[in-house]
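Please read the structure below before turning to the comments.
Hydrogens, waters and symmetry mates play no part in the numbers below; they use all other heavy atoms, side chains included. Per chain, numbering begins at 1; letters A, B, ... match sequence-line order.
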Amino acid sequence: KQEVTQIPAALSVPEGENLVLNCSFTDSAIYNLQWFRQDPGKGLTSLLLIQSSQREQTSGRLNASLDKSSGRSTLYIAASQPGDSATYLCAVFSSGSARQLTFGSGTQLTVLP
Amino acid sequence: DGGITQSPKYLFRKEGQNVTLSCEQNLNHDAMYWYRQDPGQGLRLIYYSQIVNDFQKGDIAEGYSVSREKKESFPLTVTSAQKNPTAFYLCASRPRTGGTTEAFFGQGTRLTVV
């Protein structure tokens, strides 16, 4: 059974810092990995999708990497802003008969002005 | 605009009642999912469906039921057998096949037992 772990559970940084969020998964048989953002009381907003054949994806100040063989992904946020404060979730879409998204428990990020 | 619509946004349930949460998508996606989110925890899969008239139990299906009579609709019923239904419920969809396999989420329904 796929398990996804996110470290740290919470992170507080001053505005302008670059930061890295970590995600690890136990089964490398995946189709893709997706990073989401969730604001309090809201649904999930997709940030980046990395296919299993890719090593990284970039969108603006966000860069996500994937090392499928070691079961790891990182989300890099450059020049953090208070508006980046949210919970960040990673999810893997497993191949095989299960074919379901499995989520980590998230990293709650606070960017201090 | 294409997207996923969940309704209602807030729902209150009395003890012993069944309630149904609505999820509609106009993205022409084959696969749809229901997740439950509790404070401080990640999303846990309740049910998923990869095609009309077919659905599979997820990790926490007990006390829930679903139907998939139409491609665009995947309602979730929280039955009286679910002993702790207070949670935030999220519906998602994605293409079953194709080059883009991104999952899209609705804005959620917060269910509270009163």
Side-chain angles (χ1 to χ4, degrees), chain A residues 1-10 21-26 29-54 57 59 64 66 86-109, chain B residues 2-10 21 23 25 27 29-51 54-61 87-112:
Chain A
K1 179 184 173 184
Q2 179 74 270
E3 293 183 2
V4 180
T5 303
Q6 289 188 248
I7 295 173
L21 307 181
N22 296 292
C23 173
S24 61
F25 48 95
T26 55
I30 65 170
Y31 279 116
N32 60 57
L33 183 145
Q34 199 167 352
W35 281 93
F36 294 90
R37 168 186 173 136
Q38 185 177 32
D39 293 291
K42 304 292 186 182
L44 276 63
T45 300
S46 180
L47 297 174
L48 288 165
L49 171 71
I50 309 178
Q51 301 292 351
S52 62
S53 59
Q54 297 175 322
Q57 281 286 339
S59 176
L66 174 64
T87 296
Y88 291 81
L89 295 152
C90 77
V92 296
F93 187 62
S94 300
S95 56
S97 60
R99 295 198 174 192
Q100 52 179 272
L101 274 172
T102 304
F103 281 82
S105 54
T107 294
Q108 185 174 353
L109 173 66
Chain B
I4 302 175
T5 301
Q6 289 188 241
S7 62
K9 187 174 181 179
Y10 299 98
L21 284 61
C23 179
Q25 54 97 0
L27 300 167
H29 287 173
D30 287 306
M32 296 186 74
Y33 305 80
W34 274 107
Y35 290 88
R36 169 181 172 140
Q37 187 177 35
D38 294 286
Q41 298 189 33
L43 279 67
R44 292 184 289 168
L45 182 66
I46 305 172
Y47 269 98
Y48 65 103
S49 168
Q50 297 195 73
I51 198 167
D54 183 64
F55 48 83
Q56 307 294 329
K57 292 182 179 180
D59 298 324
I60 56 166
F88 191 50
Y89 291 86
L90 288 158
C91 177
S93 74
R94 56 174 301 283
R96 183 165 172 244
T97 59
T100 301
T101 57
E102 186 175 9
F104 295 87
F105 279 78
Q107 288 301 301
T109 293
R110 185 165 300 280
L111 174 62
T112 303

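- Of the two parts of A/Leu89, only the side chain, counted from C-beta on, holds a non-hydrogen atom closer than 4.5 Å to a non-hydrogen atom of chain B.
- Contacts of B/Gln37 with chain A are made by side-chain atoms alone, with heavy-atom separations under 4.5 Å and no backbone atom involved.
- Minimum interatomic distance between B/Glu102 and A/Ser46 (heavy atoms only, all atoms of both residues): OE2-OG, 2.6 Å.
- If you take CD on B/Gln107 and CG on A/Asp39, they are separated by 9.0 Å, rounding to the nearest 0.5 Å.
- Neither the backbone nor the side chain of A/Gln108 comes within contact range of chain B; no heavy atoms are under 4.5 Å apart.
- A distance of 8.0 Å separates CG of B/Leu45 from OG1 of A/Thr102, quoted to the nearest 0.5 Å.
- Here the CG atom belonging to A/Asn32 is positioned 6.5 Å from the CZ atom belonging to B/Arg94, to the nearest 0.5 angstrom.
- Remark: the backbone N or O of B/Ala103 is paired with a side-chain donor or acceptor of A/Gln34 at under 3.5 angstrom.
- The CG atom of B/Leu90 sits 12.5 Å away from atom NZ of A/Lys42, with the distance rounded to the nearest 0.5 Å.
- Among A/Ala10, A/Ala9, A/Ala91, A/Gly41, the residue making the largest number of heavy-atom pairs under 4.5 Å with chain B is A/Gly41.
- The two atoms that bring A/Leu101 and B/Tyr33 nearest to each other are N-CE2, 4.4 Å, heavy atoms only.
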